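Shown next, in structure tokens, is the structure this report addresses.
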There are 2 protein chains.
Amino acid sequence: MVKRYSAQKMMIKDALMRLNHPTASEVYEYIRKSYPNISLGTVYRNLGLMAESGEILRISMGNSPDRFDVSTNDHLHVMCRECGQVFDADSHKLENMLKEIDEFLEESTGVHIEDRTMYFSGICSSCREKS
Amino acid sequence: MVKRYSAQKMMIKDALMRLNHPTASEVYEYIRKSYPNISLGTVYRNLGLMAESGEILRISMGNSPDRFDVSTNDHLHVMCRECGQVFDADSHKLENMLKEIDEFLEESTGVHIEDRTMYFSGICSSCREKS
DNA sequence: TATCAATTAGTAATAGTTACTATTATTATA
DNA sequence: TATAATAATAGTAACTATTACTAATTGATA
Ligand SMILES: [Mn+2]
Ligand SMILES: [Mn+2]
Ligand SMILES: [Zn+2]
Ligand SMILES: [Zn+2]
């Protein structure tokens, strides 16, 4: 069970670095330009494996298709509901607040918090200018 | 365009009050016991309409099916990853912190935050006792 | 009672994703 | 190097959650 770093896997990693939080099909379409034979299944499988191993991040936002992220450091995501762009925000400075929220929830629900999911949406500055 | 509060709609509302943050099919299965002819489409449509009008809440947690909530007040959700139970937590006391997070994000991304989605998961107290 | 829009049941269609399978590519080994 | 073992792929089928469609039903109104 030796992990083979196939050409396809490298292309997927490369696409992730070039695109901004792409969906699986965005990765697929990007690679297809230079390598038309890539299979959508291969893209999904590798993104899933990489996310599971912690090499990349899977971002589930509501009911839209999952997005993937090469940055695995702790950070938050904000999406513009006008243009769809996804913005990163370093959550370092919020660490204490987030811990406080966890503690509050543990106390009021009895659940030992192991994971939190949060994302935000609004209108980005360039979309605000346009209107 | 008179809003008719059909028998089906009432059954759906009743199911929501009796079940704990159910999915559309949980609502469907519940109603089917006493009214086998109810259509899954009707359940989906009415849940969607009620959520849109603000009469109930739609809760999207990751890639699992959407859940619905009769309580429309501001509160947070915590799910036990062992038994799947969903717990409510009044977010009143966190209001200031949440606003601070919004402000931080507006400053660091330029996006004017209009909506935030957050949910948490962990192990509930009764599941912790069992192991 | 006749009319007409709202709603329904039942089913078809869709989107996103995972599963399957035969084939190809890569590595290990005789 | 030739052969065997197995990891990964392309292509497609299947699946789940959800929405769309349509003909029939319901119920309010004139
Ligand atoms: Mn990111
Ligand atoms: Mn709730
Ligand atoms: Zn924008
Ligand atoms: Zn539990």
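As a basis for the values below, the full set of heavy atoms in this structure was taken, side chains included, without hydrogen atoms, waters or symmetry mates. Naming: A, B, ... by sequence-line order, numbering from 1 per chain. Note that the coordinates shown come from a computational prediction; the quantities given were computed from them, not determined experimentally.
Side-chain nitrogen and oxygen atoms of A:Gln8 include none within less than 4.0 Å of the OP1 or OP2 phosphate oxygen of C:dA25.
Distances from the side chain of B:Thr42 to the nucleotides D:dT18, D:dA10, C:dA9 place C:dA9 closest. Listed nucleotides: D:dA8, D:dA17, C:dT8. Nearest to the side chain of A:Lys9: D:dA8.
Less than 4.0 Å separates DNA chain C from at least one heavy atom of each of the following residues of residues 16-38 of chain B: B:Tyr35, B:Asn37, B:Ile38.
Remark: B:Thr42 engages B:Arg45 in a side chain to side chain donor-acceptor pair (under 3.5 Å) (not counting sequence neighbours). With sequence neighbours left out, A:Asp14 forms a side chain to side chain donor-acceptor pair (under 3.5 Å) with A:Arg18. Under the rule for a salt bridge (Lys or Arg N to Asp or Glu O under 4.0 Å), B:Glu106 has no partner lying at least two apart in sequence or in another chain. By the side chain to side chain donor-acceptor pair (under 3.5 Å) test, B:Lys13 is found to be paired with B:Glu55, residues two or more places apart in sequence or in another chain being considered. In this structure, the side chain to side chain contact (heavy atoms under 4.5 Å, CB included) partners of A:Ser25, at least two apart in sequence or on a different chain, are A:Thr23.
Between the two ends of the helix from C:dT1-D:dA30 to C:dA30-D:dT1, each summarised by a five-pair axis, the helix axis turns through 10° (rounded to 10 degrees).
If you chain together ILVMFWY residues whose side-chain heavy atoms come under 4.5 Å of each other, A:Met17 ends up grouped with A:Tyr5, A:Met10, A:Met11, A:Ile12, A:Leu16, A:Leu19, A:Val27, A:Tyr28, A:Tyr30, A:Ile31, A:Tyr35, A:Ile38, A:Leu40, A:Val43, A:Tyr44, A:Leu47, A:Met50, A:Ile56, A:Phe68, A:Val70. When hydrophobic side chains of Ile, Leu, Val, Met, Phe, Trp and Tyr are connected at separations under 4.5 Å, A:Leu57 ends up as a singleton with no cluster partners.
B:Asn63 comes within 4.0 angstrom of no nucleic acid atom, judged by non-hydrogen atoms across all strands. B:Ser6 comes within contact range of the sugar-phosphate backbone alone, with a heavy-atom separation under 4.0 Å but no base atom that close.
The aromatic rings of B:His21 and B:His75 lie tilted to each other, with the angle between the two planes from 30° to 60°.
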Reading 5' to 3' through nucleotides 19-27 of chain D, protein heavy-atom contacts under 4.0 Å coded B for base, S for sugar-phosphate only, - for none
B------BB

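No donor-acceptor pair closer than 3.5 Å links the side chain of A:Thr117 to the backbone N or O of B:Met118.
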Between side-chain atoms of residues 124-131 of chain B and protein atoms elsewhere (two or more places apart, or another chain), which donor-acceptor pairs fall under 3.5 Å?
unit_1   : atom_1 : unit_2   : atom_2 : d
B:Arg128 : NE     : B:Ile123 : O      : 3.3
B:Arg128 : NH2    : A:Gly110 : O      : 2.2
B:Ser131 : OG     : B:Arg128 : O      : 3.4

List the atom pairs, with distances to 0.1 Å, where a side-chain N or O of residues 97-104 of chain A and a protein N or O form a donor-acceptor pair under 3.5 Å, not counting sequence neighbours.
unit_1   : atom_1 : unit_2   : atom_2 : d
A:Asp102 : OD1    : A:Arg116 : NE     : 3.3
A:Asp102 : OD2    : A:Arg116 : NH2    : 2.9

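If you take CE of B:Met10 and P of C:dT7, they are 13 Å apart, rounded to a whole angstrom. One can place OH of B:Tyr5 at 11 Å from P of C:dT8, the figure rounded to the nearest angstrom. Between B:Arg67 atom CZ and D:dT18 atom C1' the separation is 16 Å, expressed in whole Å.
Nearest-nucleotide positions on DNA chain C for A:Ala7 and B:Ala7 put B:Ala7 closer to the 5' end.
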